[in-house]
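Numbers here are sequence positions counted from 1.
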Amino acid sequence: MEAENIVYFHPIQDMHKMTAAKKHWWESAALPGKVLPAEAAGGFFVPVDCPVPPFCYKKKPWKREILANAMETAMGAVPGMADAYLHPEIMTLMSGERQERWEPRRETLERLYAALLAGYAADCLRKEGRVTVLLGRHDDTDWQMEMTRRLLSPYLPRINSLVFYYEEVEGTDIWEETADELEAYGYDYGLVPGMNAYQASQEGLCCGRERCSGVILDYADAPRMPRVEREGQTVYADLTSSPEKERICLRKNGRILYSSPLKYLDTVVKNEYYRKI
């Protein structure tokens with residue numbers, strides 16, 4: 001996978017270095033990004049660190065248009081093809097009509113997800129050979145199924161258990177909808193994936209009583225509360241970067257290693273910062 005640039009806009013972490021934005025006048029606000037080595041992201045993409053400090057000129061907050069223009073300028077200064085990934089706090093500073101413009105492309109997400117799996121889940125995928133996939137919105141099923149196959153392709157020879165959880169929708173046949181993707185696993189690797197419907201509970205949809213182990217790939221917008229094996233450690237790849245899911249994982253007494261695109265990018269930035277100290 002050829003490396004591309006991902007510009008990560010995030011709240012400034014080092015408050016002693018307030019030089020990331022020039023705050024003299026609104027018109028001169030600038031957000032210079034720092035290109036990090038591709039090795040920092042495992043070679044899957046080139047990360048560009050672009051911290052956004054609080055704009056405190058005359059105690060006024062960032063004006064959305066000014067911030068958006070500064071971000072566009074920062075994107076244009078990055079050599080080669082670049083896409084953006086915004087920390088949720090920065091996304092909230094964008095106006096509603098601009099938020100769609102700052103959503104990362106799906107090709108960008110694939111690079112980010114692949115780097116996340118390689119960094120956090122590769123050993124578990126090869127050793128445990130078990131994967132549970134929590135599908136999200138039904139209208140995105142085709143994309144989620146294709147993305148999962150592409151992400152798991154480097155590890156499929158070692159995977160012997162693959163289970164998908166899905167939300168039942170009246171009038172649809174999940175087996176018919178996913179037949180081509182499911183057959184691809186069996187044709188190339190002799191793997192027969194399972195398909196389990198989410199169950200209704202007082203908290204909403206959940207995964208039921210069956211316990212998971214190995215790696216969990218979660219596309220769902222809301223927590224689906226999968227049970228995990230008590231022995232060993234499960235790697236939870238939360239592809240939606242949900243703070244609620246992270247809190248749930250932290251309550252599992254170390255049995256779940258939580259990871260997410262947001263956590264991964266934060267780690268890349270922090271590692272580069274600590275490497276210089």
Side chains of Thr148 and Tyr219: any donor to acceptor distance under 3.5 Å? yes
Grab the two heavy atoms, one from Val235 and one from Cys124, that are nearest each other, plus how far apart they are. CG2-CB, 3.9 Å
For the residue pair His138 / Glu177, report whether a side-chain donor-acceptor contact shorter than 3.5 Å exists. yes
Answer with yes or no whether the side chains of Ser213 and Arg130 bring together a donor and an acceptor at under 3.5 Å. yes
Using atom types as modelled and distance alone, determine if a side-chain donor or acceptor of Gln144 lies under 3.5 Å from a backbone N or O of Gly136. yes
I'd like to know whether Tyr8 forms a side-chain contact (heavy atoms from CB on, under 4.5 Å) with Asp266, so could you lay out the CA-CA distance, the side-chain angles of the two residues, the decisive distance to 0.1 Å, and finally the verdict. CA-CA 9 Å; Tyr8 179 38; Asp266 279 340; 2.6 Å; yes
Verify, without hydrogens or angle tests, whether Asn5 (side chain) and Val48 (backbone) share a donor-acceptor contact under 3.5 angstrom. no
So, the side chain of Thr108 versus the backbone of Tyr85: is there a donor-acceptor pair under 3.5 Å, distance only? no
Salt bridge between Arg105 and Glu4, side-chain N to carboxylate O under 4.0 Å? no
Between Arg158 and Gly129, is there a donor-acceptor pair closer than 3.5 Å when you use the side chain of the first and the backbone of the second? no
Nearest atoms (heavy-atom pairs only) where Pro104 meets Ala84: CB-O, 3.5 Å
Can a donor-acceptor pair be found, under 3.5 Å and without considering hydrogens, that links the side chain of Ser241 to the backbone of Leu262? yes
Are Asp140 and Arg106 within salt-bridge range, i.e. N to O under 4.0 Å? yes
Search all heavy atoms of Val7 against all heavy atoms of Ala82 and return the closest pair with its distance. CG2-CB, 4.3 Å
Linked, directly or transitively: Ile256 and Val131 (ILVMFWY side chains, under 4.5 Å): no
State plainly whether the residues Glu110 and Arg150 are in salt-bridge range, i.e. N to O under 4.0 Å. yes
Tyr165 ring centre to Arg224 NZ or CZ under 6.0 Å, with the angle to the axis within 45°? no
Is any NZ, NE, NH1 or NH2 atom of the basic residue among Glu181 and Arg149 found under 4.0 Å from an Asp or Glu carboxylate oxygen of the other? yes
Check the orientation of Tyr120 and Tyr264. Use parallel for under 30°, tilted for 30 to 60°, and perpendicular for over 60°. perpendicular
Is Lys34 salt-bridged to Asp49, going by a charged N under 4.0 Å from an acidic O? no
